[in-house]
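For reference, the structure is listed below as structure tokens.
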Amino acid sequence: MGLSTPRDLLAHIPRDYKDWREPRPLAAIAADALSSLEPTEEIAVAHVTSVRDVRARIAITNVELRDESGSLRAVWYGRRGLDGKIRPGMRLFVHGRVSAKRRRGAVTIELNVMHHRVLDEDAAFTGEIVPVYPATKDVSTRTLRSIISRNLTRLLEDVEERLPDEIVRTHRLITARKAWHDIHVPKLPSDVGPARRRIIYEEFFAIALAAALVRAERKREGNAISIETAPELLARLEESLPFRLTGAQHNVIAQILADMREPHAMNRLLQGDVGSGKTLVAAAAILAAASSGVQSALMAPTEILAAQHAQKLAPLLLPFGVTVEAVFGSLSAPARRTANDRIASGEALLAVGTHALLTESVEFKRLGLAIIDEQHRFGVEHRAALRAKGSDAIPHTLHMTATPIPRTLAQTRYADLDLSVIDELPPGRTPIATYVIRESRKPVVYEFVRKNVARGQQAYVVAPAIEASGYENAPRVAAVDEAKRVSREDLAGLRVDVLHGRMPPREKDAAMARFTRGETDVLIATTVVEVGVDVPNASVMVVLDAHRYGLAQLHQLRGRVGRGIARSFCVLVAPDDVAETRRLEILTQTEDGFRIAEEDLRLRKAGDMAGTQQAGAGSGTFGDLVQDFSVYLDAKREADRIVAGDPSLERPENRALRGLVETMPAARAMLISS
Ligand code: ADP
Ligand code: MG
């Protein structure tokens with residue numbers, strides 16, 4: 001289960017509890033079972049009056065139980081080795097599912113035993129609250145319960161009190177040891193709440209401390225290049241556009257330029273839904289840097305995206321004397337050398353590229369601004385590597401993402417970043433009509449695609465994997481197979497092309513270029529088209545096996561259409577047998593990425609939101625970032641106060657807090673990554 005240390009075991013906390021404190025009279029249990037449509041879980045304490053072992057295909061042990069109120073049959077199914085262990089006269093505790101069995105007109109009430117314990121005759125029954133652990137097929141909650149309860153005392157010996165007394169007191173928290181005890185074996189149901197709050201508080205406090213330390217450290221370093229921008233420059237950029245910047249674009253540009261003026265490095269996350277115009281915001285920042293004579297780097301996750309950025313930015317920036325150099329893995333060696341030379345000499349004021357930008361041979365003369373597009377596609381080490389390209393100064397860094405992150409989540413997951421949001425789309429967008437369609441009606445969907453192509457439009461069809469594989473649970477349709485099939489059948493006669501991540505970069509670019517030029521009618525692709533691709537003439541997005549994706553990711557895919565003047569459509573195809581279409585319906589109701597993200601977050605656990613798999617708060621934390629947000633804000637206030645007075649936690653009374661940050665994985669990751 002990935003539990004490799006005692007601490008992991010302790011931190012494997014129950015997902016639920018069962019209240020086994022009040023056994024009920026057998027007669028009451030039987031009466032309820034008669035009127036209940038479904039089996040109910042019950043506990044009872046009673047005497048055994050008779051035992052009958054049946055050895056059929058599976059071992060069955062039938063036991064008659066009796067107490068003052070009446071009797072009940074208890075049955076153990078498939079429990080070998082039980083023979084002879086249960087004898088008449090014994091006093092038993094049993095827990096199981098009770099149901100009424102109707103056979104040949106007769107009704108028997110049966111308790112299907114899940115747990116039992118033999119009790120001493122005269123011992124008072126003291127019930128308990130039983131933890132239910134997250135379990136797997138191989139490791140049952142029962143096994144975990146037994147391992148943890150047998151070792152709890154020893155596990156608790158290693159728990160140290162890391163929160164300062166003062167915080168424990170002012171926030172009325174219980175001690176760490178009591179919290180870890182009570183979360184596993186609460187005496188009362190009401191013990192769980194305070195235990196959980198204490199554990200979450202400590203966790204959030206560690207994250208908030210790490211964030212505060214990172215910010216303080218950055219302020220102290222003070223060796224970024226301070227970039228002063230003439231306001232006319234921005235006005236001239238805007239004049240060169242065929243449209244006006246939105247108010248939201250103006251706001252975030254102002255925030256970014258204010259950061260870049262500071263002598264310590266900017267570290268800002270720019271969130272803007274698909275199509276909100278982040279590229280222009282990036283252009284403004286690049287222009288500002290160039291006007292101070294410093295270089296910028298723009299890193300995108302795929303060659304397709306990087307090429308698109310280069311194509312869009314070059315004509316915007318060239319009139320201002322900003323030359324753009326593209327750096328891709330697929331460049332020929334001589335082309336690559338030329339690009340590297342131009343970057344090293346400072347002749348290129350902007351380098352646009354993929355991971356290839358991070359290779360050692362790429363050296364900047366004076367890198368002042370690093371922009372990371374679709375930042376969640378990069379690991380922390382990649383982001384750090386790009387920042388490290390600024391030789392004498394730390395570059396100002398702008399992280400961009402089209403994945404809307406609910407405010408609560410952003411505050412914790414990206415606690416060390418400042419946040420900017422483009423909360424307004426450029427005017428004149430027509431809404432994208434979205435439908436959820438059952439797989440059996442796929443032919444109708446392709447017919448619809450055909451109609452739109454006949455009107456001169458283009459379409460995307462997204463399929464989950466590259467080629468169908470035999471294993472169970474594999475996607476039902478795969479891009480390559482589907483392309484072959486539809487070119488012969490549903491879409492015969494149309495120009496169909498394939499795009500997937502395992503194609504050589506050159507072929508990918510060629511396929512994308514053909515689609516962009518309108519030489520392909522239907523592009524059958526994997527989610528490589530998810531981010532950033534911009535083809536205004538494409539007006540239909542079909543997603544096959546749509547139930548496999550998170551809402552946020554589907555929203556991203558949908559954002560590939562609705563970029564031109566034609567009416568656009570998104571068709572989500574889900575198998576007939578999947579009840580999940582309810583989840584997909586949310587997309588038919590709204591195009592507000594933040595609402596979709598909140599909904600996604602509500603439906604899934606905070607940690608595994610689609611596409612955000614990086615380490616950080618939200619993964620491996622107990623706290624629910626939405627539900628427990630107020631606890632986070634409390635913890636953050638304390639952390640900020642402490643770090644403001646002692647920016648590197650050097651005071652003796654604060655030294656233990658360093659340990660707290662080090663032992664909390666999400667907090668440590670934050671320190672390392674920045
Ligand atoms: P994203 O935020 O998804 O990266 P882009 O920067 O690619 O969005 O912009 C999407 C489209 O909107 C582009 O074609 C761009 O030229 C256009 N655009 C950007 N800003 C505006 C604006 N203020 N008014 C009209 N169109 C705009
Ligand atoms: Mg973009």
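Indexing begins at 1, ligand by ligand and atom by atom, following the structure's order.
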In terms of atom number and element, which parts of ligand 1 are under 4.0 angstrom from non-hydrogen atoms of [X]?
X	answer
Gln249	19 (C), 20 (N), 22 (C), 23 (N)
Thr246	23 (N)
Leu280	19 (C), 20 (N)
Leu245	23 (N)
Lys312	7 (O), 13 (C)
Arg244	22 (C), 23 (N), 24 (N)
Thr279	4 (O), 5 (P), 6 (O), 7 (O)
Asp273	2 (O)

Evaluate Pro427 for polar contact with ligand 1, using N/O atom pairs at a separation under 3.5 Å. no

N/O to N/O below 3.5 Å, does that happen between Gly272 and ligand 1? no

List the steps and the verdict of ring pair (Phe, Tyr, Trp, His ring centres under 6.0 Å) for His399 and Phe378. CA-CA 10 Å; His399 310 257; Phe378 292 98; over 10 Å; no

Passing candidate, side chain to side chain donor-acceptor pair (under 3.5 Å) with Asn267, options Arg383, His396, Arg215, Arg387: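 Checked Arg383, His396, Arg215, Arg387 against Asn267; only one passes side chain to side chain donor-acceptor pair (under 3.5 Å): Arg387.
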
Under 3.5 Å: donor-acceptor pair, side chain of [X], backbone of [Y]:
X	Y	answer
Glu482	Ala463	no
Thr520	Leu523	no
Asp592	Arg595	yes
Thr323	Glu347	yes

More than 12 non-hydrogen atoms from neighbouring residues, nucleotides or ligands closer than 6.0 Å to CZ on Arg506, yes or no?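 Incorrect, the count does not exceed 12.
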
Below 4.0 Å from any atom of ligand 1, is there a heavy atom belonging to Ser276?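 The answer is yes, since Ser276 has a heavy atom less than 4.0 Å from ligand 1.
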
Below 4.0 Å from any atom of ligand 1, is there a heavy atom belonging to Arg563?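 Arg563: in contact with ligand 1 (<4.0 Å).
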
Check this for me, if you would: do Lys508 and Glu303 make a salt bridge, where the nitrogen-to-carboxylate-oxygen distance has to be below 4.0 angstrom? no

